[in-house]
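As structure tokens, the structure follows; a few thoughts come after it.
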Amino acid sequence: MDAKTIIAKRVAQEFKDGYVVNLGIGIPTLAADFLPAGVSVTLQSENGFVGLAPLEGEVNPDLVNAGGKPVSIIPGGAVFDSAMSFAIIRGGHVDVTVLGALEVDQEGNLANWMVPGKLVPGMGGAMDLVSGAKKVIVAMEHTAKDGVPKILKKCTLPLTGKGVVNLIITNLCVFAVTPAGLILQETAPGVTVDEVRAKTEAEFSVRLISA
């Protein structure tokens with residue numbers, strides 16, 4: 001199983017029936033295709049939708065999600081303007097948002113929208129989502145392509161949100177972010193605690209609830 005699938009499958013386990021969920025571009029979007037049996041969620045997109053269908057279904061070329069990918073809407077879904085969409089987000093009506101990250105640190109700080117010196121279109125709805133959603137999950141590969149850790153003692157890039165992350169899910173493990181710091185709760189099959197330590201700059205304690 002590839003890294004992206006490992007992460008997406010584990011993220012989907014965090015969803016409960018009836019949740020309103022916002023999924024970021026990339027790995028987070030894949031989680032909608034791995035919902036547990038009996039769990040139905042309403043997908044919200046900051047560009048003005050609730051009730052998006054998972055990407056594996058039929059798509060309408062006239063409808064796109066916040067990442068610009070064609071999507072469709074389930075019966076009962078709705079389309080509205082950005083003002084309403086962000087009122088939903090800022091009003092605390094999104095149960096979970098799942099985002100990728102360039103960096104996240106042991107204090108729950110998140111940096112995921114720009115690299116200095118590179119042209120970027122902006123942070124999109126990320127800053128609103130991490131401050132308005134009830135739970136913030138970071139879903140990302142554990143290290144960058146060059147092997148450099150992405151889970152740090154302190155973020156070095158401009159922050160998307162300060163102290164906003166609740167859970168970090170990677171292809172190697174799951175960290176809970178608590179006032180006392182990071183807690184390693186799970187390791188992926190075949191992954192040892194020592195391997196996680198070797199690829200993580202941040203300090204963390206170990207309290208495995210599933211190996």
Ring pair (Phe, Tyr, Trp, His ring centres under 6.0 Å) contacts touching residues 126-159 (sequence neighbours left out)
none
Keeping to residues at least two apart or across chains, list the ring pair (Phe, Tyr, Trp, His ring centres under 6.0 Å) pairs with something in residues 87-106.
none
Is there a donor in the side chain of [X] and an acceptor in the side chain of [Y], or the other way round, less than 3.5 Å apart?
| X | Y | answer |
| --- | --- | --- |
| Asn47 | Ser45 | yes |
| Asn22 | Gln44 | yes |
| Asn112 | Thr160 | yes |

Residues sharing Met1's hydrophobic cluster, by side-chain heavy-atom contacts under 4.5 Å among ILVMFWY, directly or via others?
Ile6
Could you tell me which residues satisfy salt bridge (charged side-chain N to carboxylate O under 4.0 Å, His left out) with Lys135, sequence neighbours excluded, listed by chain and number?
Glu14
Would [X] and [Y] show up in the same hydrophobic cluster when neighbours are defined by side-chain heavy atoms closer than 4.5 Å?
| X | Y | result |
| --- | --- | --- |
| Val20 | Leu23 | no |
| Leu172 | Val206 | yes |
| Ile183 | Val138 | no |

Any side-chain heavy-atom pair of Thr42 and Ile74 under 4.5 Å:
no
Could you tell me whether the side chain of Leu208 reaches within less than 4.5 Å of the side chain of Val193, counting heavy atoms only?
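A side-chain contact under 4.5 Å exists here.
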List, one per line, each side-chain donor-acceptor pair under 3.5 Å for residues 101-108, sequence neighbours excluded.
from	atom 1	to	atom 2	distance (Å)
Glu103	OE1	Thr156	N	2.7
Glu103	OE1	Thr156	OG1	3.3
Glu103	OE1	Leu157	N	3.0
Glu103	OE2	Thr156	OG1	2.6
Asp105	OD1	Glu107	N	2.9
Asp105	OD1	Gly108	N	3.3
Asp105	OD1	Asn109	N	3.1
Asp105	OD1	Asn109	ND2	3.4
Asp105	OD2	Asn109	ND2	3.0
Asp105	OD2	Cys155	N	3.0
Gln106	OE1	Glu203	N	2.8
Glu107	OE1	Asn109	ND2	3.4
Glu107	OE1	Lys154	NZ	3.0

Among residues at least two apart in sequence or on other chains, which ones pass side-chain contact (heavy atoms from CB on, under 4.5 Å) with [X]?
| X | result |
| --- | --- |
| Asn60 | Asp62, Leu63 |
| Asp81 | Ala83, Met84 |
| Thr143 | Lys199 |
| Val164 | Leu110, Val130 |

With sequence neighbours excluded, tell me which residues meet ring pair (Phe, Tyr, Trp, His ring centres under 6.0 Å) with Phe204.
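Partners of Phe204 under the ring pair (Phe, Tyr, Trp, His ring centres under 6.0 Å) test: Phe175.
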Considering only residues two or more places apart or on different chains, which pairs with a residue in residues 89-99 satisfy salt bridge (Lys or Arg N to Asp or Glu O under 4.0 Å)?
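As it turns out, the salt bridge (Lys or Arg N to Asp or Glu O under 4.0 Å) pairs with a partner in residues 89-99, which skip direct neighbours, are Arg90-Asp128, Asp95-Lys134.
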Can you sort out the partners of Asp146 under side-chain hydrogen bond (donor to acceptor under 3.5 Å, both in side chains), two or more places apart, ordered by chain and number?
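For Asp146, no residue satisfies side-chain hydrogen bond (donor to acceptor under 3.5 Å, both in side chains) once neighbours in sequence are set aside.
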